[in-house]
Amino acid sequence: MGNDKSDVLQGTLDLMVLKTLESMGPLHGYGIARRIEQVSGNSLSLNQGTIYPALLRLQQRGWIKSAWGVSESNRRAKFYSLSPIGKKQIDEETENWERIAATMSRFLAPSN
Amino acid sequence: MDWIRTLVSRFAALFGKQKLDDELDEELRTHIEFAVEENLKLGMKAQQARTSALREFGGMTQTKETYCVQRGLPFVEQFGRDLRFAFRQLRKSPGFTIVALLTLALGVGANTAVFSLINGLLLRPLPLPHAEQLVVLRFDKGVSDPIDYEFCAPFFRDLENRREVFSEVFAYNGDTLLVKGQSGNENVPGMLVSGQFFQAMQTAPLRGRYLTPQDDRPGGSPAGLAVVISEDFWNNHFNRAPDAVGSTLIIANTHFTVVGVMPKRFIGPDPTQRPEIYAPLSADPIIDAPRNHIADGIHAWWLIVGARLKPGTSMEQANAALLTVSNPILQETGFADAGLMDEKENEHLHFAAEPGSRGYTYARFLFRKPLIAMFAMCGGILLAACLNLASLLMARGVARQRELATRLAMGATRRRVIQQLLTESLSIALLGTVAGLAAAPMVSHSLAALAENGFTEMRLDTSLDLRVFAFAALIAVVSSILIGLLAALQATAGNLNDHIKEGQQAKPAFERRKILPRVLMASEVAVALTLVIGAGLLATSLLRLFRSGAGFDPKGLVNIAFKMDKQQLQGDALMRLYQQLGEGLKRQPGVKSVSFEFVVPLSHRGWNGNYFTPAGGTHQIYMNAVGPDYFGTMRIPLYLGREFNWNDTKASGLKIILNQSAAKEFFPGQNALGQQITYPREKLSYQVVGIVADAKYREMQSPAPAAAYVPMQQDEQPKPSLTAVVRVDGPLAPLAAAARALAGNLAPSIPAPVVTTVDDVLNRSVSAERMMALLSLFFAGCALLVTAIGLYGTLSYATARRTSEIGIRMALGARRIGVVAMVFRENVLIAAVGTGAGLVAAALASRALASFLYETSPSDPWVLVCSVGALAFIASAASILPALRAAQIDPMRALRNE
């Protein structure tokens with residue numbers, strides 16, 4: 001892989017999944033993975049497989065839920081959607097991430 | 001919150017794993033198909049589209065594995081796998097498994113059983129709301145007989161009205177009530193309770209109401225005398241009739257109204273009693289007639305007093321409050337001026353409270369020490385069982401070294417292997433504990449029955465409760481760690497290469513590693529020897545106790561107790577009734593002679609008095625009132641003079657018979673016969689008409705005291721309840737029916753007489769000793785067996801591993817006898833060291849036994865020699881078999897196996 005792609009930071013994948021489900025509504029695993037790749041403009045090196053443990057983790061916390069359904073192409077697939085707890089959690093996680101990002105950027109800013 | 005949801009979901013995933021796996025497979029398959037579809041749309045060829053999709057996805061197996069670890073509880077799943085493996089291993093060696101399980105079940109079962117007795121008697125709180133607020137009051141005398149839990153009525157009535165720190169103060173007295181049933185009068189266990197008693201118990205009646213302070217007045221409340229009955233009595237006596245409340249019971253020939261029924265779970269304040277009728281304390285003159293404890297005032301000490309602390313009051317506050325009221329109460333009740341105590345004692349006297357959540361029972365004082373001693377013995381057995389298993393596992397671990405080394409070599413961490421070995425020992429411990437727990441109720445029932453043998457009226461709840469289960473679980477875990485950890489650590493230590501290469505070859509393996517198993521076996525021998533010595537001491541003591549004799553011949557002697565206090569006759573008329581009863585009994589087949597006694601010897605009851613002679617001064621001696629031909633019937637030798645006869649009436653002048661010790665005390669160096677002895681308190685003078693041999697009085701354990709006998713006709717009491725002693729030749733059973741028929745004829749209003757053999761009385765008198773001796777013998781036998789198994793098992797394993805070494809030795813010319821000696825020697829050392837340690841341990845431990853021993857020194861040489869002999873015999877027997885087997889090794893075969 002080229003050096004222009006960065007690895008997914010621990011914990012950020014969860015938030016990406018949540019935001020994706022928030023904006024797109026119920027979606028299957030492949031859809032979520034593709035969406036994340038598209039939004040990141042292919043600048044992330046994401047093994048699509050890693051999305052599944054993340055989905056399980058979010059499900060175990062009760063932030064998302066899943067149900068079997070049928071896709072546009074008429075395939076049986078598991079669809080994930082935000083749960084009420086998950087919706088509330090997005091704000092908190094976003095805030096959390098912004099705080100970290102702000103802290104990081106202060107470190108990275110050229111010192112005066 | 002998140003982590004709880006996660007845990008629940010992970011736990012749920014442990015079940016239906018197959019379905020979840022299938023779903024995951026399907027989901028991932030769909031993922032790839034979506035990707036392939038999209039790639040095809042982008043114009044890729046079929047093969048290229050699939051390869052690209054798989055590359056984008058990343059490692060498929062890796063994803064599944066991460067997913068599965070995330071989904072379930074890997075630790076639990078691993079544990080399950082270990083457990084299955086452990087059970088397979090155990091099934092593979094059934095001999096080892098059965099021995100391991102049996103020894104452990106024995107240890108756990110015995111411990112749990114004794115613990116449930118201890119729990120029932122010493123630990124379990126009363127099944128009452130807020131039992132922690134209950135206190136038991138006591139009376140501190142400070143000087144000679146320091147603490148007394150029995151109160152007199154005036155003290156209690158005064159305390160009852162001073163309740164600064166208590167919400168209620170109550171008193172009770174366990175009693176036997178004479179209740180009229182369909183078939184005449186019968187004795188029912190009951191309890192006299194004071195007015196605030198039920199209020200303090202805070203237990204609602206099942207039906208009706210409970211007794212209140214209004215009922216606890218002479219004559220009862222304006223509505224009359226009332227009682228409350230137990231659910232059991234309601235079942236048995238009223239057949240659960242709803243109109244039982246309001247009906248009348250005739251107790252001691254007096255009408256009482258049943259006002260309430262208490263539920264089954266209510267057992268009252270004494271954990272060893274199950275009263276069926278609760279009557280007001282003020283009814284004592286009716287129920288205990290002709291005695292009257294209330295009128296006896298400060299001379300009758302018969303009440304147990306308890307109280308309930310006001311919420312938020314501490315024990316210190318309660319004791320401080322009691323201390324301030326002590327002196328006023330002593331003054332008000334006239335106790336201080338009664339001259340019962342000297343000045344110094346009076347100053348010290350005070351009331352005090354102690355925690356009463358577990359209730360109060362006299363049995364605690366009797367059985368606490370024997371129970372704790374037994375508990376220690378059980379602990380010894382369990383320790384021996386664990387040491388035994390540890391050594392066996394260790395020996396097995398050596399045999400399995402190659403397997404373990406291979407697993408370690410293939411990349412298993414040491415932690416992982418130890419974890420798996422511990423799971424093995426844990427599964428043994430678990431199975432053993434379950435088996436032990438299953439056996440425990442049976443054992444504790446028989447233990448309780450043994451103890452109750454001494455106290456017929458004692459009822460103890462020994463059922464398993466949470467505390468017992470926690471205890472058993474603790475035992476299981478501790479023992480499995482004790483068993484497994486050492487073996488596991490040892491089996492996984494050392495150099496891998498050596499283990500794999502080593503195999504089963506003739507090589508003096510690490511000598512250092514042989515030390516630990518030997519230490520374990522030696523400790524086991526020491527524990528076993530300690531138990532054997534303890535058992536030997538207790539058994540010898542019991543034997544000596546029996547051989548010391550009671551002073552009379554208990555064989556073929558029957559006691560028939562008549563209760564005469566509630567019938568009409570008294571004085572000479574009652575004596576004539578006794579005479580008729582005696583004559584009637586004498587006509588029964590097999591009866592040789594009949595007499596009567598007031599105090600039953602060895603029943604722990606007593607009657608004493610201070611008597612005086614000019615020659616000997618004042619002595620306190622034990623007394624008894626007996627009938628004609630008493631000493632002949634009891635087979636107590638009559639040295640001088642004569643027995644009493646029916647002509648020794650009140651009119652014929654007071655007569656007395658002394659035993660030899662009393663005669664020596666009162667008439668040193670003189671002939672006592674015909675002399676006078678006086679009873680200063682009543683200013684009475686008795687003529688000595690006979691001298692008899694000494695006999696034991698209150699209990700087997702104390703030597704025969706100085707005692708005197710007076711004729712039953714000359715006794716002071718108006719209505720004495722006497723016991724007939726009957727010397728019988730032949731079966732005793734018909735006598736009980738005959739006695740009942742006779743009493744029914746001659747005295748229809750008395751309850752059925754109680755028939756017991758004197759052998760029973762004697763056994764009951766030594767019940768604690770007998771129980772301890774029997775149990776300790778049983779435990780010692782088990783310990784010996786366990787040790788034999790351990791010595792045999794470990795030596796067999798060790799020898800099996802030396803097969804090729806022994807083969808080489810024999811090929812080089814070692815003689816078979818030499819091989820036997822070489823193998824045998826291994827255990828001789830262990831047994832010798834263990835015996836030395838055991839003797840030291842026994843010397844320390846048997847000091848605690850000293851108080852249970854009768855005329856037996858804790859270092860009795862015979863017991864020590866025999867115990868060591870028994871152990872040496874067992875150890876030799878266990879060691880000679882592997883040694884002989886080693887000598888049968890065929891050198892050629894052994895070498896070919898190399």
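Within every chain, numbering begins at 1; the chains are lettered A, B, ... in the order of the sequence lines, protein sequences first and strands thereafter.
Between chain B and the options S73(A), G49(A), P53(A), heavy-atom pairs under 4.5 Å are most frequent for G49(A). Here E23(B) is the residue among R10(B), K64(B), E23(B) with the most heavy-atom pairs under 4.5 Å with chain A. By number of non-hydrogen pairs under 4.5 angstrom with chain B, the leading residue of E37(A), Q48(A), K78(A) is Q48(A).
At a threshold of 4.5 Å between non-hydrogen side-chain atoms, the residues H28(A) and E27(B) do not count as touching.
Residue Q62(B) qualifies as open at atom CD: its count of foreign heavy atoms under 6.0 Å is 12 or below. The environment of F85(B) atom CZ is dense: over 12 non-hydrogen atoms of other residues, nucleotides or ligands sit within 6.0 angstrom. The number of heavy-atom neighbours closer than 6.0 Å to CD of E26(B), taken from other residues, nucleotides and ligands shown, is above 12. R467(B) CZ: more than 12 foreign heavy atoms inside a 6.0 Å radius. Enclosure of atom CD in E95(A) is not indicated, since only 12 or fewer non-hydrogen atoms of other residues, nucleotides or ligands lie within 6.0 angstrom.
Using a 4.5 Å heavy-atom cut-off against chain B, the contacting residues of residues 79-86 of chain A are Y80(A), I85(A). Within residues 33-42 of chain B, the residues having any heavy atom closer than 4.5 Å to a heavy atom of chain A are E33(B), F34(B), A35(B), E37(B), E38(B), listed by residue number. Contacts from residues 415-430 of chain B to chain A, taken as heavy-atom pairs separated by less than 4.5 Å, involve no residues at all.
Not a single donor-acceptor pair under 3.5 Å links the side chain of Q59(A) to the backbone N or O of S9(B). Between the side chain of R5(B) and the backbone N or O of R61(A), at least one donor-acceptor pair lies under 3.5 Å.
By the salt bridge (charged side-chain N to carboxylate O under 4.0 Å, His left out) test, D22(B) pairs with no residue at all, sequence neighbours left out.
Contacts between R76(A) and chain B at a heavy-atom distance below 4.5 Å involve backbone atoms as well as side-chain atoms.
Remark: L56(A) CG to R71(B) CZ distance equals 8.0 Å, nearest 0.5 Å. Atom CZ in F57(B) sits 10.0 Å away from atom CD1 in I51(A) (nearest 0.5 Å). Summarising the geometry, atom CD1 belonging to I32(B) is positioned 9.0 Å from atom OH belonging to Y30(A); distances are rounded to the nearest 0.5 Å.
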